[in-house]
S.K.: 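Have a look at this one.
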Amino acid sequence: DNKSSYRRGISQLLFIMTESLVNRFIFTSENPCSPDSFIWKQSVSQESNVQRPFRCKVNGCLQTFALFYNTIILNEEAYSHLFRYFCNRNSWLVFSYFCNRISQFNKISCTSAIKKQASLFCIVFGLHYLWIKEYLENTMNKPQITIKDIARALNVSPSTVSRALKDNPDISQETRNLIHAYAREHNYKPNVLAVNLRASRSNTIGVIVPQLVHHFFSCVLSGIEKAAAEAGYNILVAQSNESYEQEVKIVHSFLAARVCGVIASLAKDTSQYDHYQDLLNNNIPIVFYDRICTGLKTERVVVDDYAGSFAAVEYMIQTGCKRILFYGAAPHLEITKNRRNGYLDAMKKYKIPVDDSMIMLCDTRERAISITPDILEGPGHPDGFFAINDETASGILYACKLVGKKVPDEVSICGFTDGAIAQSTDPKLTTVEQHGEEVGRSAFSILIGKLEGGDDKSSNKIVRTNLVVRGTTK
């Protein structure tokens with residue numbers, strides 16, 4: 001608009017004037033981090049005998065100035081230090097400083113030309129500072145405009161603005177165009193929180209992820225995000241980091257944010273579900289995925305852990321393994337139960353005995369590296385490992401290399417996930433593919449069915465797995 005153009009023109013003019021004056025002066029800081037003292041060098045003719053340093057105190061700030069013979073080139077860094085220094089002061093105190101500075105020059109015994117140039121510099125620099133400060137305050141720190149602001153500017157009622165922004169046909173097209181144009185020009189954004197409060201619900205879905213760094217969970221999140229974007233929903237993502245306490249806090253924050261639904265996977269140490277019951281008590285539907293909660297009547301999306309484990313262990317037996325160890329997670333988790341049952345049934349099918357020493361609590365790479373070497377070098381050492389995830393399987397592979405066991409000639413290894421790590425090891429991991437993105441899309445689809453369809457029937461989804469054979473098995 002005209003006001004903005006005027007300000008830009010004034011800014012350019014002031015900058016040109018300041019630059020031309022600063023070309024004659026230089027400010028250098030003795031301490032750039034705390035520019036309380038500056039040296040002011042004035043370029044004068046070689047014939048002049050002016051060389052009288054002087055000191056004066058203005059607004060509590062000691063300024064040291066000196067006049068020299070030599071010509072000085074503009075020091076932009078020093079100039080920026082000075083400007084930033086004064087930007088921390090009150091506007092009118094700064095302007096007062098420049099006015100006082102002008103009066104101080106009248107007390108200095110130097111040529112009138114120097115006084116005039118110094119006075120002009122103070123005026124221009126002061127005006128330049130005040131304009132930039134006002135510009136920043138009016139733009140960067142300006143609050144978002146509201147419907148009431150638009151109504152006041154266009155002399156209409158707030159309800160008219162609200163309906164026009166929603167393209168209500170009761171408002172004339174001319175008025176709607178005018179209001180939309182004003183809203184675009186002033187970057188109006190609706191207050192989503194206020195809309196949610198009025199509606200007592202939102203189009204935001206809360207998603208709880210045990211670990212974002214885990215490939216499977218990141219794939220699930222990707223599936224949820226893509227499906228939500230297609231359906232016009234927002235997602236609010238939180239990481240429990242395998243902590244029950246953090247999971248409880250997240251659920252409470254979702255309640256406060258008035259999410260319309262929650263998609264969650266349990267933390268490893270979660271064995272109580274009162275916080276999820278709070279969501280159900282507030283009519284917020286939940287869909288659990290992967291690590292599901294059997295203690296509550298909710299929807300669930302899981303991969304076929306049993307079938308995936310059975311197929312993996314059966315393949316290892318068919319390729320020559322006689323003693324296969326199972327590395328599992330916390331025994332109360334459903335995924336641990338299902339994968340262990342698949343392992344046990346495959347061993348039972350081929351009449352291979354299993355004792356307690358063959359089932360280990362180990363679900364991280366670090367723990368696998370720690371306990372596997374002793375197992376490999378002890379009596380009755382295994383010739384195969386089935387791990388609950390790829391991270392654990394990669395730790396087993398590393399431990400085999402530490403003790404000199406050849407994979408897969410002496411030891412076969414199979415994981416579960418088929419993430420990036422499965423193709424990054426040497427040799428590459430045989431693993432069970434989980435199809436995480438499909439899990440995410442299915443979970444979102446079921447939740448939206450509950451939100452928009454109002455179906456009270458429970459619905460579960462089982463995502464099929466498949467064995468991916470690579471270099472860690474024969």
S.K.: Could you tell me whether the side chain of Tyr350 reaches within less than 4.5 Å of the side chain of Glu314, counting heavy atoms only?
M.R.: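 Of all side-chain heavy-atom pairs linking Tyr350 with Glu314, at least one is under 4.5 Å.
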S.K.: In sequence, state the C-alpha distance, the side-chain angles, and the governing distance for Tyr327 and Thr372, and then conclude on side chain to side chain donor-acceptor pair (under 3.5 Å).
M.R.: CA-CA 10 Å; Tyr327 279 13; Thr372 305; 3.1 Å; yes
S.K.: Given the rule in the salt bridge (charged side-chain N to carboxylate O under 4.0 Å, His left out) test, do Asp383 and Lys474 qualify, once you have shown the distances and angles that lead to the verdict?
M.R.: CA-CA 11 Å; Asp383 57 3; Lys474 297 175 183 176; over 6 Å; no
S.K.: If you draw the axis of the six-membered ring of Phe326, does the NZ or CZ of Arg339 fall within 45° of it and under 6.0 Å from the ring centre?
M.R.: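 Not flagged: Arg339 not positioned over aromatic ring of Phe326.
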S.K.: Out of curiosity, Phe288 CZ to Ile263 CD1, how far, rounded to the nearest 0.5 Å?
M.R.: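 Reported to 0.5 Å precision, the distance equals 11.5 Å.
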S.K.: Could you check if a side-chain atom of Asp418 sits within less than 4.5 angstrom of a side-chain atom of Arg470, using non-hydrogen atoms only?
M.R.: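 Yes, close enough: below the 4.5 Å cut-off.
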S.K.: Could you tell me whether the side chain of Arg365 reaches within less than 4.5 Å of the side chain of Tyr398, counting heavy atoms only?
M.R.: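 The answer is yes, as the side chains (C-beta and beyond) meet within the 4.5 Å cut-off.
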S.K.: To the nearest 0.5 Å, how far apart are CD1 in Ile359 and CG in Leu361?
M.R.: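 Here the interatomic distance stands at 11.5 Å.
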S.K.: With side chain to side chain donor-acceptor pair (under 3.5 Å) as the test, pick out the partner of Glu433 among Thr417, Thr465, Asn466.
M.R.: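 When Thr417, Thr465, Asn466 are each tested with Glu433, the side chain to side chain donor-acceptor pair (under 3.5 Å) holds only for Asn466.
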S.K.: When rounded to the nearest 0.5 angstrom, what is the spacing between CD in Glu245 and OG in Ser240?
M.R.: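 Reported to 0.5 Å precision, the distance equals 10.5 Å.
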S.K.: Per the side chain to side chain contact (heavy atoms under 4.5 Å, CB included) rule, which among Asp304, Val303, Val301 passes with Ile462?
M.R.: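 That would be Asp304; it is the only one of Asp304, Val303, Val301 passing the side chain to side chain contact (heavy atoms under 4.5 Å, CB included) with Ile462.
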S.K.: To the nearest 0.5 Å, how far apart are OG in Ser412 and CG in Asp409?
M.R.: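 Spacing of OG (Ser412) from CG (Asp409) equals 8.5 Å.
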S.K.: So do the side chains of Leu467 and Cys414 get within less than 4.5 Å of each other, counting heavy atoms only?
M.R.: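 They are in side-chain contact.
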S.K.: Between Ser394 and Thr425, which heavy-atom pair has the shortest distance, and what is it?
M.R.: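 For Ser394 versus Thr425, the nearest heavy atoms are CB-CG2, 4.1 Å.
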S.K.: Determine which pairs satisfy side-chain hydrogen bond (donor to acceptor under 3.5 Å, both in side chains) with at least one residue from residues 209-227, sequence neighbours left out, and list them in order.
M.R.: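 Qualifying pairs: Lys226-Glu437.
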S.K.: Determine whether the aromatic ring centres of residues Phe254 and His275 are separated by less than 6.0 angstrom.
M.R.: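 Aromatic pair excluded; centres sit 6.0 Å or further apart.
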S.K.: Going by side chain to side chain contact (heavy atoms under 4.5 Å, CB included), Gln434 matches just one of Val302, Asn389, Asp290. Which one?
M.R.: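 When side chain to side chain contact (heavy atoms under 4.5 Å, CB included) is applied between Gln434 and each of Val302, Asn389, Asp290, only Asp290 qualifies.
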S.K.: CG of Leu451 to CZ of Phe444: how many Å apart, nearest 0.5 Å?
M.R.: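 Nearest 0.5 Å value for the CG-CZ distance: 8.5 Å.
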S.K.: Measure the spacing between CD of Glu391 and CD1 of Ile396 and express it to the nearest 0.5 Å.
M.R.: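 Glu391 atom CD to Ile396 atom CD1 measures 11.5 Å (nearest 0.5 Å).
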S.K.: Closest approach of Thr392 and Cys362, non-hydrogen atoms and distance?
M.R.: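 Shortest heavy-atom separation between Thr392 and Cys362 comes out as CG2-O, 3.7 Å.
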S.K.: Salt bridge (charged side-chain N to carboxylate O under 4.0 Å, His left out) between Arg152 and Asp149: does it pass, once the steps are laid out?
M.R.: CA-CA 5 Å; Arg152 191 181 302 112; Asp149 295 329; 3.0 Å; yes
S.K.: Are Phe217 and Gln239 side-chain neighbours, meaning at least one heavy-atom pair lies under 4.5 Å?
M.R.: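 No - every pair of side-chain heavy atoms lies 4.5 Å or more apart.
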S.K.: Please determine if Glu438 and Arg441 form a salt bridge, counting it only when a charged side-chain N lies under 4.0 Å from a carboxylate O.
M.R.: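 Salt bridge flag = no for Arg441 with Glu438.
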